[in-house]
Amino acid sequence: QAGRITSWVPGFSKEHDGPKSNQCSLHPFQVSFHQLGWDHWIIAPHVYTPNYCKGACPRVLHYGLNSPNHAIIQNLVNELVDQSVPQPSCVPYKYVPISILLVEANGNILYKEYEDMIAQSCTCR
Amino acid sequence: EVGQPSIALMADAPSLPLIQELLEEAPGKQQRKPQVLGHPLQYMLELYQRSADARGHPRENRTIGATMVRLVRPLSTVARPLRGPWCIKTLDFPLRPNQVAYQLVRAIVVYRHQLHLAHFHLSCHVEPWIQKSQTNHFPSGRGSSKPSLLSKAWTEMDITQHVRQRLWNPKGHRVLRLRFMCQQQKGSEILEFQWHGTSSLDTAFLLLYVNDTHKSVQKAKLHPRGLEEFMGRDSSLLLRRTR
């Protein structure tokens, strides 16, 4: 449990992780296909919400972040052994697909479900 | 931007399927959006609205049964003048060269079974264009029992079996050829009819419901069996070394 581990991580204090608002989390973000330069062939939808993950990874990675064992060890290595080994990064954990209707160069129309197009949650790894 | 050299280089990497698709399917920026109007566009918009919400999220209860639906328009038509009460049009639907890499779920031809042109009232149906001595694999009945996105004048016909047997293999023809046959409705005076005012798009289009198998192919490459085979080869090397 994070609470118990933090007691033996040398020099650990909650202030080290910075303000909670700056911690690794999912940020909603919307972009239009016009902005991406794809509106000349995508019929629907008009907007796309890929979202993104941003923020600092805490020094002790709790369960809610779904970090793999490797990330937890790498964090400890950074903390206790070698600071040239970077801390884990805040990246997407789960994705959901998006359905797109587009017109092809030859005038055919395509409906397609593209996997892993929208970030749904984040992790530190 | 699509078409720039940097993206072309990225497409060489087999792990970038989205980039590959953008290069294959997207019209160039300088190219105008192909004009797609009328019934085909309406049909696909309704299919989209049934299958996804306004933000593009696929609906949980969607009944589409495939991850991809391609509407193919006929490439060219050869119209033959009226023979008795019949007039016939040949429709060619081109298939993409790599199409068979996808798993075919369903193939549907959508066509107008009623045509009203000037003084003509025609009843129409489609048939496969098959060389003599070959059997007809089309269903004898007309239309589909599935809930339809169509207005009254249009009909769907399931031709999955025909497409699967004749076209969906690496050696298959790359073109699906159909005959669009119309007959003047009974009681109307037989007049000399020409296919004026009916573009091929106004009469029929093909729908291919397919599943993308790229992911499963990639998974198969990473399957433990591959590793076992590798290990097997490796262990035989070790054995030889021991010997």
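This structure is a prediction, so every number in the text was calculated from the model and none was measured. Letters go in sequence order (proteins before strands), and every chain restarts at 1.
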By a 4.5 Å heavy-atom criterion (distance strictly below it), what part of A:L101 contacts chain B: side chain, backbone, both, or neither?
-> both

Below 4.5 Å from any heavy atom of chain A, which atoms of B:I64 appear? Answer side chain, backbone, both or neither.
-> side chain

Can you list the residues that meet the salt bridge (charged side-chain N to carboxylate O under 4.0 Å, His left out) rule with B:R55, with sequence neighbours excluded?
-> none

Could you pull out every donor-acceptor pair under 3.5 Å between side chains of residues 46-56 of chain A and any protein atom, sequence neighbours left out?
| residue | atom | partner | partner atom | Å |
| --- | --- | --- | --- | --- |
| A:Y48 | OH | A:M117 | O | 2.5 |
| A:N51 | OD1 | A:F29 | N | 3.0 |
| A:N51 | ND2 | A:A119 | O | 3.1 |

For the residue pair B:Y43 and B:E156, confirm or rule out a side-chain donor-acceptor distance under 3.5 Å.
-> yes

side-chain hydrogen bond (donor to acceptor under 3.5 Å, both in side chains) filter on A:D82, not counting sequence neighbours, yields A:S84

So, do B:W168 and B:Y102 have ring centers that fall under 6.0 Å from each other?
-> no

Pair B:W154 and B:H39, ring centroids less than 6.0 Å apart | yes

Looking at B:G65 and B:V105, what are the two nearest heavy atoms and their distance?
-> O-CG1, 3.7 Å

Part of residues 92-99 of chain A lying next to chain B, heavy-atom separation under 4.5 Å | A:P97, A:I98, A:S99

